[in-house]
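See below for the structure under consideration.
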Amino acid sequence: MHQPPSFVDRRNPDFVCRLKKSLYGLKEAPRAWYTRFANFILSRGFKSSAYDNSLFIYHCGSDMAYLLLYVDDIVLTASSTTLLRQIIDMLSREFSMTDLGDLHHFLGITATRKNNGLFLSQAQYTKDIIARASMTNCKPCVTLVDLAAKLSATDGAPFHDPTLYRSLAGALQYLTFTRPDISYAIQQICLFMHDPREPQFTFLKRIVRYLQGTIDYGLHITCSAKTSLVAYSDADWGGCPDSRRSTSGYCVFLGDNLISWSSKRQPTISRSSAEAEYRGVANVVAEATWIRNLLLELHTLLR
């Protein structure tokens with residue numbers, strides 16, 4: 001730490017201010033830490049990704065390394081064990097850090113190595129959500145939603161505990177990182193967080209019942225001979241009974257692996273199904289373009 005500009009004590013230039021609040025909790029702390037880390041890693045030959053500020057790339061001849069930073073959690077991979085060890089030693093000399101070995105847990109996501117790749121899951125996080133909803137012993141449900149009915153913002157009486165509804169809806173949103181099968185259902189309940197009602201909470205409980213029977217579901221990342229980028233898109237024209245706005249969704253595959261997906265209500269009303277579909281296609285094209293540019297930056301050739 002250093003004395004701030006224009007507040008330097010000339011008699012005691014080595015003194016610093018004593019903070020009454022923890023530096024870790026200050027709003028400026030994440031930006032200051034990122035700047036500190038980025039300046040160091042860039043000075044060691046890494047380059048910051050133009051498409052993801054948390055990604056740093058090292059490329060020198062046949063040596064390659066990728067470093068992903070989330071606050072003070074780091075995922076690091078390299079083209080060789082020797083290069084990986086060199087980078088870890090370099091970081092350890094500069095920062096107080098611990099090498100936890102092979103990737104097995106990151107931001108609540110469990111990574112399990114299998115013969116054909118990685119299996120990403122949030123089983124423990126799912127159990128915590130079920131417990132938070134006080135439905136640990138609930139009967140599992142085979143399906144997520146009742147497609148015959150649409151949720152409306154005016155149906156039913158107001159839910160007695162809006163805070164609980166918002167807490168569960170927010171927790172379920174994070175679960176979609178490894179559960180693309182629940183993306184549409186979670187998007188539906190998040191539309192009513194401002195004024196949740198009893199039918200919407202019943203809808204949410206059905207999702208929890210579905211999770212009860214599918215706790216071990218997750219995302220498989222396997223080796224694939226194909227490196228093509230394939231995207232699918234669809235739209236539900238005028239599906240919202242209140243605003244008549246459409247819901248569009250997409251999924252993007254890299255080879256045989258699903259790497260990106262979304263379900264979102266469109267911001268404006270479409271006057272035809274063709275217009276709704278076009279908006280959905282525009283969204284997935286923008287996503288695929290971003291992924292393509294990111295992969296090219298990672299020196300991954302698409303075929």
Side-chain angles (χ1 to χ4, degrees), residues 21 24-27 29-30 70-71 107-110 121-215 217-218 235-250 261-270 276 279-280 283:
K21 184 177 180 181
Y24 192 85
L26 294 178
K27 292 182 179 180
Y70 185 85
V71 190
L107 304 181
I109 300 174
T110 301
S121 69
Q122 294 170 278
Q124 185 57 50
Y125 183 71
T126 303
K127 293 177 183 178
D128 293 341
I129 294 176
I130 297 173
R132 191 187 306 181
S134 301
M135 297 176 63
T136 304
N137 299 318
C138 69
K139 182 179 179 181
C141 185
V142 179
T143 57
L144 265 170
V145 296
D146 180 8
L147 297 179
K150 294 287 185 179
L151 291 176
S152 173
T154 57
D155 288 345
F159 183 55
H160 69 279
D161 191 355
T163 301
L164 174 63
Y165 182 95
R166 293 169 187 139
S167 174
L168 291 174
L172 289 169
Q173 273 189 309
Y174 189 72
L175 188 58
T176 59
F177 283 2
T178 59
R179 295 292 300 271
D181 56 323
I182 65 174
S183 293
Y184 171 76
I186 303 305
Q187 179 263 337
Q188 288 293 301
I189 63 171
C190 288
L191 295 176
F192 309 99
M193 294 178 69
H194 62 290
D195 184 22
R197 294 177 176 265
E198 290 292 346
Q200 288 123 33
F201 187 69
T202 302
F203 188 98
L204 188 150
K205 288 196 296 183
R206 179 166 180 160
I207 297 175
V208 176
R209 289 177 56 202
Y210 173 79
L211 294 175
Q212 178 77 302
T214 59
I215 290 177
Y217 280 22
D236 175 18
W237 178 45
C240 178
D242 300 313
S243 64
R244 306 311 302 173
R245 286 193 277 172
S246 307
T247 298
S248 58
Y250 64 76
W261 55 90
S262 174
S263 177
K264 188 176 182 180
R265 190 170 64 175
Q266 295 180 0
T268 57
I269 297 176
S270 298
R279 294 182 188 276
N283 290 335

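How far OH of Tyr125 is from CD1 of Ile129: 4.5 Å, rounded to the nearest 0.5 Å. One finds the NZ atom of Lys264 at 9.5 Å from the CD atom of Gln187 (value rounded to the nearest 0.5 Å). Here the CD1-CD distance, from Ile109 to Gln124, works out to 14.5 Å after rounding to the nearest 0.5 Å. Rounded to the nearest 0.5 Å, atoms CD1 (Ile189) and OG1 (Thr202) are 12.0 Å apart. Once rounded to the nearest 0.5 Å, the distance linking OG of Ser183 with CG of Leu144 reads 10.0 Å.
Contact record, Leu191 with His194: O-CE1, 3.4 Å, taken as the closest heavy-atom pair. Smallest separation of non-hydrogen atoms from Ser167 and Arg132: OG-NH1, 3.0 Å. Arg245 and Ile269 make their closest contact through CG-CG1, 3.8 Å (heavy atoms, listed as atom of the first residue, atom of the second, distance). In terms of heavy-atom proximity, Pro140 sits nearest to Gln212 at CG-CG, 4.0 Å. Taking both residues in full, the closest heavy atoms of Ala131 and Thr136 are given as CA-OG1, 3.6 Å, listed atom of the first, atom of the second, then distance. Here the closest non-hydrogen pair linking Cys141 and Arg206 is SG-NE, 3.7 Å.
In this structure, Phe159 and Phe201 have parallel ring planes: the angle between them is below the 30° cut-off, well short of the 60° mark.
For Tyr217, the OH atom sits in a loose shell: 12 or fewer heavy atoms of surrounding residues, nucleotides or ligands are nearer than 6.0 Å.
The side-chain heavy atoms of Arg265 and Gln188, taken from C-beta on, include no pair separated by under 4.5 Å. Using a 4.5 Å cut-off on side-chain heavy atoms (C-beta onward), Tyr210 and Asp181 make contact. The shortest side-chain heavy-atom distance between Ser262 and Asn283 does not fall under the 4.5 Å cut-off.
Between the side chain of Tyr165 and the main chain of Arg197, no donor-acceptor pair closer than 3.5 Å is present. Listed for the Gln200 side chain is a donor-acceptor partner under 3.5 Å among the backbone atoms of Ser152.
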Show, in sequence, the C-alpha distance, side-chain angles and deciding distance for Cys138 and Lys205, and conclude whether the side chain to side chain contact (heavy atoms under 4.5 Å, CB included) test is met.
CA-CA 10 Å; Cys138 69; Lys205 288 196 296 183; over 6 Å; no

Given the rule in the side chain to side chain donor-acceptor pair (under 3.5 Å) test, do Asp236 and Thr247 qualify, once you have shown the distances and angles that lead to the verdict?
CA-CA 5 Å; Asp236 175 18; Thr247 298; 5.1 Å; no

Any chance you could lay out the side chain to side chain contact (heavy atoms under 4.5 Å, CB included) test for Lys127 and Ile215, step after step, and finish with the verdict?
CA-CA 7 Å; Lys127 293 177 183 178; Ile215 290 177; 4.0 Å; yes

Arg279 and Thr268: CA distance, side-chain angles, deciding distance, side chain to side chain donor-acceptor pair (under 3.5 Å) verdict
CA-CA 10 Å; Arg279 294 182 188 276; Thr268 57; 3.2 Å; yes

Candidate pair Leu211 and Leu175, rule side chain to side chain contact (heavy atoms under 4.5 Å, CB included), full reasoning
CA-CA 10 Å; Leu211 294 175; Leu175 188 58; 3.6 Å; yes

Would you please test Leu204 and Leu172 for side chain to side chain contact (heavy atoms under 4.5 Å, CB included) and show each step?
CA-CA 9 Å; Leu204 188 150; Leu172 289 169; 4.2 Å; yes

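In this structure, a donor-acceptor pair under 3.5 Å is present between the side chains of Arg179 and Thr214.
A side-chain hydrogen bond (donor to acceptor under 3.5 Å, both in side chains) with Gln122 holds for exactly one of Thr110, Thr178, Thr176; it is Thr178.
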